[in-house]
> 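Pasting a structure below so you can have a look.
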Amino acid sequence: MSSENLLKSDDLAGLKPRHVAIIMDGNGRWAKNQGKLRISGHKAGVKSVRRAVSFAVSNKLDALTLYAFSSENWNRPQQEVLALMELFVWALDSEVKSLHKHNVRLRIIGDISRFNSRLQERIRRAEELTQQNNGLTLNIAANYGGRWDIIHGVRKLAEQVQEGLLRPDQIGEETLEPYLCLNELAPVDLVIRTGGEHRISNFLLWQVAYAEFWFTDTLWPDFDEQVFEGALNAFAQRERRFGGAAPGSV
(Lines give C-alpha, C1' and ligand atoms only; values in the text may rest on other atoms or scores of the structure.)
Protein backbone atom coordinates (compact mmCIF):
# COMPACT_ATOMS: atom_id res chain seq x y z
CA MET A 1 0.00 0.00 0.00
CA SER A 2 1.36 3.42 -0.94
CA SER A 3 1.77 6.18 1.64
CA GLU A 4 -0.87 8.20 -0.25
CA ASN A 5 -3.43 5.41 0.08
CA LEU A 6 -2.51 4.91 3.73
CA LEU A 7 -3.15 8.58 4.42
CA LYS A 8 -6.54 8.40 2.75
CA SER A 9 -7.48 5.37 4.83
CA ASP A 10 -6.46 7.14 8.03
CA ASP A 11 -8.39 10.24 7.02
CA LEU A 12 -11.52 8.21 6.38
CA ALA A 13 -11.15 6.44 9.72
CA GLY A 14 -11.02 9.82 11.43
CA LEU A 15 -14.36 10.78 9.89
CA LYS A 16 -16.14 7.83 11.49
CA PRO A 17 -17.88 8.38 14.84
CA ARG A 18 -16.52 6.39 17.73
CA HIS A 19 -19.73 6.50 19.75
CA VAL A 20 -23.22 6.55 18.21
CA ALA A 21 -26.43 6.97 20.21
CA ILE A 22 -29.84 6.19 18.74
CA ILE A 23 -33.31 7.29 19.84
CA MET A 24 -35.35 4.37 18.50
CA ASP A 25 -38.71 5.93 17.65
CA GLY A 26 -41.65 4.78 15.58
CA ASN A 27 -42.47 1.25 16.72
CA GLY A 28 -46.08 2.11 17.56
CA ARG A 29 -46.71 3.97 14.30
CA TRP A 30 -45.12 1.12 12.34
CA ALA A 31 -47.51 -1.34 13.99
CA LYS A 32 -50.49 0.94 13.33
CA ASN A 33 -49.53 1.22 9.65
CA GLN A 34 -49.44 -2.59 9.54
CA GLY A 35 -52.82 -2.87 11.26
CA LYS A 36 -51.18 -4.64 14.21
CA LEU A 37 -50.94 -4.16 17.98
CA ARG A 38 -48.23 -1.84 19.30
CA ILE A 39 -46.28 -4.74 20.82
CA SER A 40 -45.83 -6.09 17.28
CA GLY A 41 -43.95 -2.91 16.47
CA HIS A 42 -41.71 -3.39 19.51
CA LYS A 43 -40.99 -6.97 18.48
CA ALA A 44 -40.10 -5.81 14.98
CA GLY A 45 -37.88 -3.18 16.60
CA VAL A 46 -35.80 -5.92 18.24
CA LYS A 47 -34.81 -7.10 14.75
CA SER A 48 -33.65 -3.58 13.96
CA VAL A 49 -31.58 -3.56 17.15
CA ARG A 50 -29.91 -6.76 15.96
CA ARG A 51 -29.14 -5.18 12.57
CA ALA A 52 -27.81 -1.99 14.15
CA VAL A 53 -25.51 -3.89 16.52
CA SER A 54 -24.21 -6.05 13.67
CA PHE A 55 -23.52 -2.92 11.60
CA ALA A 56 -21.73 -1.25 14.53
CA VAL A 57 -19.54 -4.33 15.03
CA SER A 58 -18.74 -4.57 11.31
CA ASN A 59 -17.79 -0.88 11.18
CA LYS A 60 -15.69 -1.16 14.34
CA LEU A 61 -17.49 1.50 16.36
CA ASP A 62 -16.33 1.79 19.96
CA ALA A 63 -19.79 2.19 21.45
CA LEU A 64 -23.46 2.10 20.51
CA THR A 65 -26.05 3.45 22.95
CA LEU A 66 -29.73 2.68 22.34
CA TYR A 67 -32.64 4.45 24.04
CA ALA A 68 -34.94 1.51 24.78
CA PHE A 69 -37.16 2.68 27.64
CA SER A 70 -37.25 6.17 29.11
CA SER A 71 -38.26 7.03 32.65
CA GLU A 72 -41.35 8.69 31.10
CA ASN A 73 -42.43 5.47 29.34
CA TRP A 74 -43.98 4.20 32.58
CA ASN A 75 -46.86 6.54 31.70
CA ARG A 76 -47.84 4.32 28.77
CA PRO A 77 -50.80 1.90 29.14
CA GLN A 78 -50.00 -0.77 31.72
CA GLN A 79 -50.56 -3.61 29.25
CA GLU A 80 -47.96 -2.15 26.89
CA VAL A 81 -45.44 -1.60 29.72
CA LEU A 82 -45.86 -5.20 30.93
CA ALA A 83 -45.43 -6.48 27.38
CA LEU A 84 -42.27 -4.39 27.00
CA MET A 85 -40.83 -5.84 30.20
CA GLU A 86 -41.48 -9.38 28.96
CA LEU A 87 -39.93 -8.49 25.61
CA PHE A 88 -36.88 -7.14 27.43
CA VAL A 89 -36.47 -10.42 29.32
CA TRP A 90 -36.90 -12.40 26.11
CA ALA A 91 -34.38 -10.25 24.23
CA LEU A 92 -31.78 -10.62 26.97
CA ASP A 93 -32.21 -14.40 27.03
CA SER A 94 -32.12 -14.80 23.26
CA GLU A 95 -29.42 -12.30 22.29
CA VAL A 96 -26.79 -12.29 25.03
CA LYS A 97 -24.99 -15.43 23.84
CA SER A 98 -24.68 -13.99 20.33
CA LEU A 99 -23.39 -10.70 21.74
CA HIS A 100 -20.82 -12.58 23.79
CA LYS A 101 -19.75 -14.62 20.76
CA HIS A 102 -19.08 -11.40 18.83
CA ASN A 103 -17.04 -9.86 21.69
CA VAL A 104 -19.71 -7.27 22.54
CA ARG A 105 -19.84 -5.89 26.08
CA LEU A 106 -23.43 -5.25 27.18
CA ARG A 107 -24.32 -2.63 29.75
CA ILE A 108 -27.72 -1.43 30.93
CA ILE A 109 -27.78 2.23 31.97
CA GLY A 110 -30.59 3.77 33.97
CA ASP A 111 -32.40 3.14 37.24
CA ILE A 112 -33.04 -0.59 37.04
CA SER A 113 -34.29 -0.73 40.64
CA ARG A 114 -37.85 -0.21 39.41
CA PHE A 115 -37.75 -3.40 37.34
CA ASN A 116 -38.94 -6.67 38.86
CA SER A 117 -36.38 -9.04 40.36
CA ARG A 118 -36.61 -11.42 37.39
CA LEU A 119 -35.57 -8.74 34.93
CA GLN A 120 -32.88 -7.38 37.26
CA GLU A 121 -31.37 -10.86 37.52
CA ARG A 122 -31.36 -11.23 33.71
CA ILE A 123 -29.58 -7.89 33.43
CA ARG A 124 -26.99 -8.87 36.03
CA ARG A 125 -26.26 -12.19 34.31
CA ALA A 126 -25.99 -10.63 30.85
CA GLU A 127 -23.61 -7.91 32.03
CA GLU A 128 -21.53 -10.41 33.98
CA LEU A 129 -21.20 -12.76 30.99
CA THR A 130 -19.97 -10.02 28.65
CA GLN A 131 -18.03 -7.76 31.02
CA GLN A 132 -14.57 -8.90 29.86
CA ASN A 133 -15.31 -8.43 26.15
CA ASN A 134 -13.32 -5.65 24.50
CA GLY A 135 -15.12 -5.15 21.20
CA LEU A 136 -18.18 -2.96 20.80
CA THR A 137 -19.71 -1.62 24.02
CA LEU A 138 -23.49 -1.84 23.66
CA ASN A 139 -25.36 0.36 26.13
CA ILE A 140 -29.09 -0.12 26.50
CA ALA A 141 -30.75 2.84 28.22
CA ALA A 142 -33.65 1.39 30.22
CA ASN A 143 -35.67 3.43 32.71
CA TYR A 144 -33.18 6.14 31.83
CA GLY A 145 -33.58 9.89 31.75
CA GLY A 146 -30.94 12.54 31.20
CA ARG A 147 -32.21 14.63 34.10
CA TRP A 148 -32.20 11.57 36.38
CA ASP A 149 -28.60 10.89 35.34
CA ILE A 150 -27.44 14.40 36.25
CA ILE A 151 -29.42 14.54 39.52
CA HIS A 152 -28.05 11.12 40.51
CA GLY A 153 -24.51 12.44 39.99
CA VAL A 154 -25.20 15.67 41.87
CA ARG A 155 -26.49 13.69 44.85
CA LYS A 156 -23.23 11.72 44.93
CA LEU A 157 -21.29 14.99 45.07
CA ALA A 158 -23.63 16.35 47.75
CA GLU A 159 -22.83 13.31 49.90
CA GLN A 160 -19.11 14.10 49.60
CA VAL A 161 -19.74 17.72 50.57
CA GLN A 162 -21.80 16.58 53.56
CA GLU A 163 -19.00 14.28 54.66
CA GLY A 164 -16.45 17.06 54.37
CA LEU A 165 -14.58 15.37 51.51
CA LEU A 166 -15.40 18.07 48.96
CA ARG A 167 -15.97 21.82 49.08
CA PRO A 168 -18.76 23.34 46.96
CA ASP A 169 -16.23 25.56 45.19
CA GLN A 170 -14.39 22.44 44.05
CA ILE A 171 -17.38 21.17 42.07
CA GLY A 172 -16.97 21.42 38.32
CA GLU A 173 -17.47 19.38 35.19
CA GLU A 174 -14.47 17.20 35.99
CA THR A 175 -15.85 16.31 39.45
CA LEU A 176 -19.40 15.57 38.28
CA GLU A 177 -18.61 13.63 35.13
CA PRO A 178 -17.26 10.47 36.85
CA TYR A 179 -20.69 9.97 38.43
CA LEU A 180 -22.62 10.11 35.15
CA CYS A 181 -23.50 7.18 32.91
CA LEU A 182 -21.03 6.36 30.11
CA ASN A 183 -18.27 8.40 31.78
CA GLU A 184 -15.59 5.85 30.89
CA LEU A 185 -16.47 5.78 27.18
CA ALA A 186 -15.62 8.07 24.29
CA PRO A 187 -18.01 11.04 24.11
CA VAL A 188 -21.11 10.61 21.96
CA ASP A 189 -20.20 11.79 18.45
CA LEU A 190 -23.47 11.18 16.63
CA VAL A 191 -27.09 11.02 17.75
CA ILE A 192 -29.59 9.40 15.37
CA ARG A 193 -33.33 9.76 15.84
CA THR A 194 -35.75 7.74 13.76
CA GLY A 195 -39.47 8.30 13.26
CA GLY A 196 -39.42 11.86 11.96
CA GLU A 197 -39.36 13.68 15.31
CA HIS A 198 -36.74 16.36 16.00
CA ARG A 199 -36.28 16.40 19.76
CA ILE A 200 -33.91 14.88 22.30
CA SER A 201 -36.57 13.48 24.69
CA ASN A 202 -34.44 13.68 27.84
CA PHE A 203 -31.74 11.41 26.38
CA LEU A 204 -28.08 11.78 27.47
CA LEU A 205 -28.46 15.51 28.12
CA TRP A 206 -24.89 15.86 29.41
CA GLN A 207 -23.19 13.39 27.09
CA VAL A 208 -24.42 14.83 23.76
CA ALA A 209 -23.25 18.40 24.40
CA TYR A 210 -21.10 18.43 21.25
CA ALA A 211 -22.62 15.55 19.33
CA GLU A 212 -23.86 15.84 15.77
CA PHE A 213 -27.56 15.10 15.24
CA TRP A 214 -29.09 13.22 12.32
CA PHE A 215 -32.83 12.76 11.89
CA THR A 216 -34.70 10.40 9.60
CA ASP A 217 -38.38 9.78 8.86
CA THR A 218 -37.64 6.04 8.81
CA LEU A 219 -39.57 4.26 11.53
CA TRP A 220 -37.36 2.18 13.81
CA PRO A 221 -38.52 -1.27 12.61
CA ASP A 222 -37.48 -0.21 9.08
CA PHE A 223 -34.06 1.05 10.18
CA ASP A 224 -31.48 -1.04 8.35
CA GLU A 225 -27.82 -1.04 7.33
CA GLN A 226 -28.44 1.36 4.44
CA VAL A 227 -30.07 3.96 6.67
CA PHE A 228 -27.31 3.58 9.28
CA GLU A 229 -24.68 4.00 6.57
CA GLY A 230 -26.46 7.13 5.37
CA ALA A 231 -26.15 8.59 8.86
CA LEU A 232 -22.42 7.83 8.97
CA ASN A 233 -21.93 9.36 5.52
CA ALA A 234 -23.74 12.51 6.65
CA PHE A 235 -21.56 12.64 9.77
CA ALA A 236 -18.43 12.44 7.63
CA GLN A 237 -19.51 15.65 5.87
CA ARG A 238 -19.96 17.65 9.07
CA GLU A 239 -17.39 20.19 10.23
CA ARG A 240 -17.03 19.70 13.97
CA ARG A 241 -15.66 22.75 15.80
CA PHE A 242 -16.64 21.98 19.43
CA GLY A 243 -17.47 25.63 20.08
CA GLY A 244 -14.48 27.02 18.17
CA ALA A 245 -14.52 29.20 15.08
CA ALA A 246 -14.44 27.82 11.55
CA PRO A 247 -10.95 27.69 10.00
CA GLY A 248 -10.10 30.98 8.31
CA SER A 249 -12.92 32.93 9.97
CA VAL A 250 -12.28 36.34 11.49
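Keep in mind that the numbers below use all heavy atoms, side chains included, and drop hydrogens, waters and symmetry copies.
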> Evaluate Gln207 against His19 for side-chain hydrogen bond (donor to acceptor under 3.5 Å, both in side chains), listing each step before the verdict.
CA-CA 11 Å; Gln207 295 87 343; His19 188 169; over 6 Å; no
> Who pairs with Ser40 by side-chain hydrogen bond (donor to acceptor under 3.5 Å, both in side chains), at least two apart in sequence or on another chain?
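With sequence neighbours excluded, Ser40 shows a side-chain hydrogen bond (donor to acceptor under 3.5 Å, both in side chains) to no residue whatsoever.
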> Considering residues, nucleotides and ligands other than Glu159, do more than 12 of their heavy atoms fall under 6.0 Å from its CD?
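Result for CD/Glu159: enclosed.
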> Flag the pair Tyr144 / Phe69 as yes when their ring centroid distance falls below 6.0 Å, and as no otherwise.
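No, ring centres 6.0 Å or more apart.
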> For the pair Arg51 and Ser54, evaluate side-chain hydrogen bond (donor to acceptor under 3.5 Å, both in side chains) and give the outcome as yes or no after the intermediate values.
CA-CA 5 Å; Arg51 289 194 296 265; Ser54 178; over 6 Å; no
> Just to verify, which of Leu138, Leu106, Asn103 counts as forming a side-chain contact (heavy atoms from CB on, under 4.5 Å) with Asn133?
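Of all the options given, the one that passes is Asn103.
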> Identify the heavy atoms of Ala63 and Asn139 that sit nearest to each other, and give their distance.
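Closest approach of Ala63 to Asn139: CB-ND2, 4.3 Å.
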> Quick check: do Trp220 and Ile22 have side-chain heavy atoms less than 4.5 Å from each other?
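Yes, close enough: below the 4.5 Å cut-off.
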> Does the pair Ile123 and Phe115 meet the rule for a side-chain contact (heavy atoms from CB on, under 4.5 Å), with working shown?
CA-CA 10 Å; Ile123 290 171; Phe115 296 143; 4.1 Å; yes
> Would you compute the distance between atom CG of Leu205 and atom CH2 of Trp148 and round it to the nearest 0.5 angstrom?
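One finds 12.5 Å between CG of Leu205 and CH2 of Trp148.
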> As an exercise, state the distance from CG of Leu129 to CZ of Arg124, rounded to the nearest 0.5 Å.
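Taking CG in Leu129 and CZ in Arg124, the distance rounds to 11.0 Å.
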> Taking the side chain as every heavy atom from C-beta outward, state whether Leu61 and Lys16 have any pair of such atoms under 4.5 Å apart.
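Contact flag for Leu61/Lys16 side chains = yes.
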> Between Glu229 and Asn59, does any side-chain donor sit less than 3.5 Å from a side-chain acceptor?
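The criterion, which ignores hydrogens and geometry beyond distance, is not satisfied for Asn59 and Glu229.
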> Output side-chain donor-acceptor pairs under 3.5 Å for residues 172-182, partner residues at least two apart or in another chain, one line each.
from: Thr175; atom 1: OG1; to: Gly172; atom 2: N; distance (Å): 2.7
from: Thr175; atom 1: OG1; to: Gly172; atom 2: O; distance (Å): 2.8
from: Tyr179; atom 1: OH; to: Gln160; atom 2: NE2; distance (Å): 2.2

> Do Ile200 and Phe213 touch side chain to side chain, with heavy atoms closer than 4.5 Å?
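Ile200 vs Phe213: side chains touch.
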> How close do Val188 and Ala21 get, counting heavy atoms only, and between which atoms?
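Looking at all heavy atoms of both residues, the closest pair is CG1-CB, 3.9 Å.
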> What's the shortest heavy-atom distance between Ile109 and Leu204, and which atoms?
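Distance-wise, the nearest heavy atoms are CD1-CD2, 4.3 Å.
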> Taking NZ, NE, NH1 and NH2 as the nitrogens, is one of them in Glu95 or Lys101 under 4.0 Å from a carboxylate oxygen of the other?
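Salt bridge flag = no for Lys101 with Glu95.
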> Checking side-chain contact (heavy atoms from CB on, under 4.5 Å) for the pair Leu166/Leu157: CA distance, chi angles, key distance, verdict?
CA-CA 8 Å; Leu166 185 70; Leu157 293 183; 4.0 Å; yes
> Using the six-membered ring of Trp214, assess whether NZ or CZ of Arg193 lies under 6.0 Å from its centre and within 45 degrees of the ring axis.
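Geometry flag: not set, cation outside 6.0 Å or 45°.
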> Salt bridge (charged side-chain N to carboxylate O under 4.0 Å, His left out) with Asp169: which residues, sequence neighbours excluded?
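Per chain and number, Asp169 pairs via salt bridge (charged side-chain N to carboxylate O under 4.0 Å, His left out) with Arg167.
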> Going by heavy atoms in the side chains, are Val104 and Val57 under 4.5 Å from each other?
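Sidechains of Val57 and Val104: in contact.
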> Kindly indicate whether the side chain of Val191, heavy atoms from C-beta on, has any atom under 4.5 Å from the side chain of Glu212.
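Sidechains of Glu212 and Val191: no contact.
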> Please lay out, stage by stage, how Arg107 and Glu184 fare under the test salt bridge (charged side-chain N to carboxylate O under 4.0 Å, His left out).
CA-CA 12 Å; Arg107 297 178 63 227; Glu184 80 284 8; 2.8 Å; yes
> Tell me, do Phe55 and Leu232 make a side-chain contact under 4.5 Å, heavy atoms counted?
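Contact flag for Phe55/Leu232 side chains = yes.
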> Can you check salt bridge (charged side-chain N to carboxylate O under 4.0 Å, His left out) on Asp25 and Arg29, steps first, answer last?
CA-CA 9 Å; Asp25 196 13; Arg29 280 171 286 160; 3.3 Å; yes
> Taking atom types as modelled, is there a side-chain donor on Trp206 or Asp149 under 3.5 Å from an acceptor on the other?
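No pair is found: no donor N or O on one side chain lies under 3.5 Å from an acceptor on the other.
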> Salt bridge or not between Arg122 and Glu127? Use side-chain N to carboxylate O under 4.0 Å.
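The answer is no: the pair does not qualify as a salt bridge.
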> Applying the 4.5 Å side-chain criterion to the ILVMFWY set and letting contacts propagate, would Leu37 and Leu82 be lumped into a single cluster?
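No, because Leu37 and Leu82 fall into different hydrophobic clusters, even though each may have its own neighbours under 4.5 Å.
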> If you define the side chain from C-beta out and look only at heavy atoms, does anything of Leu99 sit under 4.5 Å from Val53?
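Yes - at least one pair of side-chain heavy atoms lies under 4.5 Å apart.
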> Please report the closest heavy-atom contact between Ser71 and Asn143, naming both atoms and the distance.
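In this case the closest contact between Ser71 and Asn143 is CA-OD1, 3.4 Å.
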> Side-chain contact, heavy-atom cut-off 4.5 Å: Thr137 with Leu64?
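SC-SC contact between Thr137 and Leu64 ruled out.
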> On a heavy-atom basis, which atom in Leu92 and which in Ala126 lie closest, and how many Å separate them?
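So the two residues come closest at CD2-CB, 4.1 Å.
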